[in-house]
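Working notes, beginning with the structure itself.
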Amino acid sequence: MTIELTVSGMSCGGCAASLQKALLAQSAVTQASVDFDSRKAVVESELSKAEIVALIEAKGFSVE
C-alpha cells in the first residue's frame, strides 16, 4: 500500500535524505521518497500508517 504523509521538523535536504534512508532500511518498506521542499513522504510498504508514523517520529520528525 502507498501512504503519503506530510512531515515537519526537517530543516534541510539532508534531513529528508536521512529519513528516506531510515525508511528504506526497514524490510517491510519497498519504496520510500522524502522531499524536503514539499515536506512530503511517500512510502510503499506492508506496514500500517500508524507504524510508518511511529518510524518517522522515532527519527525525531513529526507527521501532520
Side-chain angles (χ1 to χ4, degrees):
M1 120 176 84
T2 301
I3 297 171
E4 183 174 322
L5 302 166
T6 300
V7 180
S8 60
M10 295 187 293
S11 60
C12 65
C15 293
S18 174
L19 179 55
Q20 181 172 309
K21 183 177 179 182
L23 290 169
L24 288 169
Q26 303 298 314
S27 60
V29 175
T30 54
Q31 192 169 4
S33 174
V34 182
D35 183 71
F36 171 68
D37 292 327
S38 67
R39 302 183 328 150
K40 296 288 183 191
V42 180
V43 183
E44 189 170 313
S45 175
E46 300 169 7
L47 299 173
S48 70
K49 181 177 180 179
E51 290 171 312
I52 293 170
V53 168
L55 285 171
I56 293 171
E57 290 178 342
K59 291 297 175 186
F61 304 105
S62 300
V63 177
E64 296 176 10

Legend entry - Heavy-atom closest pair, residues Ser45 and Ala28: OG-O, 2.9 Å
Inset, instruction - Measure across Ala22 and Lys59 and return the closest heavy-atom pair with its distance rounded to 0.1 Å. - result: CB-CE, 3.5 Å
Inset, instruction - Considering non-hydrogen atoms only, spot the tightest contact between Ala41 and Val34 and give its length. - result: CB-CG2, 4.2 Å
Inset, instruction - Apply the side chain to side chain contact (heavy atoms under 4.5 Å, CB included) test between Val43 and each candidate in Val29, Leu55, Thr2; give the one that qualifies. - result: Val29
Legend entry - Closest non-hydrogen atom pair between Ile3 and Ser48, with its separation: CD1-C, 4.1 Å
Legend entry - Heavy-atom side-chain proximity of Lys40 to Leu5 below 4.5 angstrom: no
Inset, instruction - Give the minimum heavy-atom separation between Met10 and Arg39, together with the two atoms involved. - result: CE-CA, 3.9 Å
Legend entry - Minimum heavy-atom distance between Leu23 and Ala32, given as atom pair plus value: CB-CB, 3.9 Å
Inset, instruction - Say whether Val42 and Val7 are linked into one hydrophobic cluster, either directly or through other cluster members, by side-chain heavy-atom distances under 4.5 angstrom. - result: no
Legend entry - Spatial distance of atom CD (Glu51) from atom CD1 (Ile56) [nearest 0.5 Å]: 12.5 Å
Inset, instruction - Answer yes or no: does atom CD of Gln31 have more than 12 heavy-atom neighbours from other residues, nucleotides or ligands under 6.0 Å? - result: no
Legend entry - Heavy atoms of other groups near Glu44 CD, more than 12 under 6.0 Å: yes
Inset, instruction - Hey, could you give me the CG/CG distance between Leu19 and Asp35, rounded to the nearest 0.5 Å? - result: 11.5 Å
